[in-house]
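Presented below is the structure to which this report refers.
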Amino acid sequence: MDLHSITVPQDPTALRHSILDMTASLLACGIDPSRTVLFQQSHVPGHATLSWILGCRTSMPRLRHLPQWKMKSRQRNEGYVGLYTYPVLQAADILLYRSTHVPVGEDQVQHLKLARDAARIFNHHYGPFFPEPQALLSPTSKVKSLRDPAVKMSKSDPQRLATVLLTDSPEDVALKFRKAVTDFASEVTFDPEARPGVSNLVAIHAAVLGGTVEQAVAQARGLDTAQYKQVVADAVIERLRPVRDEILRLRREPGYLRSVLDEGSRRARELSAPVLRRVYQLVGFS
């Protein structure tokens, strides 16, 4: 999603590297390009075109009330137009393929509601065309920061110990969990309101094991929180080990990564072209 990435300043060389690095990460996590259209957003012009069309029917108050705009504009003490309107581009990303279901994290549910609104408004003005997409939430809808469990884990967090990266070494992962914020009680329990730090560890443990928080708590019986941190770190290390190894391997094959994106972009243009043609007809462009 490179169009979204430039809502904050990017170094062009670093951005080119990040695009390939993200491609390697997605492939390493199991995305199969023979079954999935994996492409570079900016190489499919329909995204920006449809974003403009939808934006012309999206009110400013609707965007102003989105929590991400409030938070990010406050952090930077300024507000760029791209940052303000990027939820409309997200809606275009979805509707350009007439998607019916979208896997999202908990923090993106409000933006998906905007996509539903955009579809509804377009259909009201031009006739039924876009489906209203539904959210697909995983059991672990949000992973919290290891240093501040009140906020989500984010790669842009300035605190190095707050976020586990897919490419972290086992030593780095162990250190980050060892330094994770918990509390003064030693027993491991799951209570997100009263014990957010420990509960975050339990949620992460359950996620990497593919089980429930109850099962994770049962495995922690008899351990204090310090011991449990090591258990969770070990589980995360083992879960990420094959992913990390594959990312490191794919990074050495930039030509292959670029070929995957080029082929995916070609297929995405083919898929989106008839949708955009119909939108042009409905709006009156053709």
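- Note that CD of Glu270 and OG of Ser265 are 11.5 Å apart. Values are rounded to the nearest 0.5 Å.
- Other residues, nucleotides and ligands place no more than 12 heavy atoms under 6.0 Å from the NZ atom of Lys152.
- Judged purely by distance below 3.5 Å, without hydrogens or angles, the side chains of Gln134 and His101 never pair a donor atom with an acceptor atom.
- Within the 4.5 Å cutoff, the side chain of Leu282 has heavy atoms near those of the Phe122 side chain.
- With Arg252 contributing its side chain and Leu248 its backbone, the two residues share a donor-acceptor pair below 3.5 Å.
- Side chains of Glu187 and Leu223 form no contact here, defined as non-hydrogen atoms less than 4.5 Å apart.
- Side-chain contact check for Glu263 versus Phe39: every heavy-atom pair is 4.5 Å or farther apart.
- The structure places CG of Asp117 at 8.5 Å from OG1 of Thr58, a figure rounded to the nearest 0.5 Å.
- Under the 4.5 Å side-chain heavy-atom criterion for Ile, Leu, Val, Met, Phe, Trp and Tyr, Met22 and Tyr86 are members of distinct hydrophobic clusters.
- For the pair Leu63 and Pro87, the tightest heavy-atom approach, listed with the atom from each and the gap, is CD2-CB, 4.3 Å.
- Aromatic rings of His47 and Tyr97 (six-membered ring for Trp) have centroids within the 6.0 Å cut-off, being under it.
- For NE2 of His124, the number of neighbouring non-hydrogen atoms (other residues, nucleotides, ligands) closer than 6.0 Å is 12 at most.
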Do Val236 and Ile204 pass the side-chain contact (heavy atoms from CB on, under 4.5 Å) test, and can you show the C-alpha distance, the side-chain angles, and the key distance before you say yes or no?
CA-CA 8 Å; Val236 171; Ile204 292 172; 3.8 Å; yes

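- Contact annotation: the side chain of Ile19 never approaches that of Leu257 to less than 4.5 Å [non-hydrogen atoms, C-beta and beyond].
- With Ser145 contributing its side chain and Arg147 its backbone, the two residues share a donor-acceptor pair below 3.5 Å.
- Within the 3.5 Å criterion, the main-chain N or O of Asp224 finds a donor-acceptor partner in the side chain of Gln227.
- Atom OG1 of Thr100 is separated from atom CD1 of Ile94 by 11.0 Å, given to the nearest 0.5 angstrom.
- When all heavy atoms are compared, the tightest approach of Val243 to Cys29 is CG1-SG, 3.9 Å.
- The closest side-chain heavy-atom distance from Met1 to Asp93 is below 4.5 Å.
- Side chain of Asn123 to main chain of Ala119: a donor-acceptor pair is present (N/O by atom type, distance under 3.5 Å, no hydrogens or angles).
- The backbone N or O of Leu3 lies less than 3.5 Å from no partner atom in the side chain of Ser42, so there is not a single donor-acceptor pair.
- For the residue pair Gln110 and Arg62, the shortest heavy atom distance occurs at O-NH2, 4.3 Å.
- Criterion: ILVMFWY side-chain heavy atoms under 4.5 Å apart, direct or through other members. Under it, Leu201 and Leu161 are not part of a common hydrophobic cluster.
- Note that the CZ atom of Arg269 and the CG atom of Leu96 stand 12.5 Å from one another [nearest 0.5 Å].
- At least one donor-acceptor pair under 3.5 Å links the side chain of Lys229 to the backbone N or O of Arg178.
- In this structure, Leu175 is not a member of the same hydrophobic cluster as Val208, with clusters built from ILVMFWY side-chain heavy atoms closer than 4.5 Å.
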Run the numbers on Arg16 and Gln10 for side chain to side chain donor-acceptor pair (under 3.5 Å), then give the verdict.
CA-CA 10 Å; Arg16 279 188 285 270; Gln10 299 284 341; over 6 Å; no

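- Between Asp168 and Arg244 no salt bridge is recorded (no basic side-chain N to carboxylate O distance below 4.0 Å).
- Of the possible polar contacts, none joining the Thr36 side chain to the Pro33 backbone as a donor-acceptor pair under 3.5 Å is found.
- In the hydrophobic clustering of ILVMFWY residues, with side-chain heavy atoms under 4.5 Å counting as a link, Leu271 and Ile53 come out together.
- A donor-acceptor pair is defined here as one N or O able to donate and one able to accept, closer than 3.5 Å; such a pair exists between the side chain of Ser154 and the backbone of Ser156.
- Minimum interatomic distance between Val44 and Ser272 (heavy atoms only, all atoms of both residues): CG1-OG, 3.7 Å.
- Counting all heavy atoms, side chain and backbone alike, Ile237 lies closest to Ala174 at CD1-N, 4.4 Å.
- The backbone N or O of Leu95 sits nowhere less than 3.5 Å from a side-chain atom of Ser99 that would complete a donor-acceptor pair.
- In this structure, the side chains of Thr167 and Arg251 come closer than 4.5 Å at one or more pairs of heavy atoms.
- Ser286 contributes atom OG, which lies 8.0 Å from atom OH of Tyr280 (distance to the nearest 0.5 angstrom).
- Salt-bridge formation is detected for the pair Glu246/Arg249: a Lys NZ or Arg NE/NH1/NH2 atom is positioned less than 4.0 Å from an Asp or Glu carboxylate oxygen.
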Candidate pair Thr225 and Arg195, rule side-chain contact (heavy atoms from CB on, under 4.5 Å), full reasoning
CA-CA 12 Å; Thr225 52; Arg195 306 188 69 194; 4.0 Å; yes

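- In this structure, Arg98 is positioned above the aromatic face of Phe129, its NZ or CZ under 6.0 Å from the six-membered ring centre and within 45° of the axis.
- The closest side-chain donor-acceptor pair between Asp32 and Ser34 falls under 3.5 angstrom.
- Heavy atoms of other residues, nucleotides or ligands lying less than 6.0 angstrom from CZ of Arg239 number 12 at most.
- Summarising the geometry of Ala24 relative to Ile247, their closest heavy-atom pair is O-CG1, 4.0 Å, with the distance given to 0.1 Å.
- In this structure, NZ on Lys142 lies 10.0 Å from CD on Gln108, to the nearest 0.5 angstrom.
- In this model, no donor atom of one side chain and acceptor atom of the other lie less than 3.5 Å apart for Asp262 and His43.
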Would Leu50 and Val279 count as a side-chain contact (heavy atoms from CB on, under 4.5 Å) if you check the C-alpha gap in whole Å, the side-chain angles of each, and the deciding distance to 0.1 Å?
CA-CA 8 Å; Leu50 184 57; Val279 168; 4.2 Å; yes

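- A donor-acceptor pair under 3.5 Å is absent between the side-chain atoms of Tyr126 and the main chain of Ile121, judged by distance alone.
- Under the side-chain contact (heavy atoms from CB on, under 4.5 Å) rule, Leu54 has a single partner from Thr49, Leu114, Val88, which is Val88.
- The shortest side-chain heavy-atom distance between Gln40 and Val260 does not fall under the 4.5 Å cut-off.
- Considering only heavy atoms from C-beta on, Lys144 stays 4.5 Å or farther from Val151 through its side chain.
- Leu89 and Trp52 are not part of a single hydrophobic cluster, where members link through side-chain heavy atoms under 4.5 Å apart.
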Go through Val173 and Asp234 one step at a time and tell me if the side-chain contact (heavy atoms from CB on, under 4.5 Å) criterion holds.
CA-CA 9 Å; Val173 174; Asp234 290 342; over 6 Å; no

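- Inspection of the Asp157 and Thr163 side chains reveals no N or O donor paired with an N or O acceptor under 3.5 Å.
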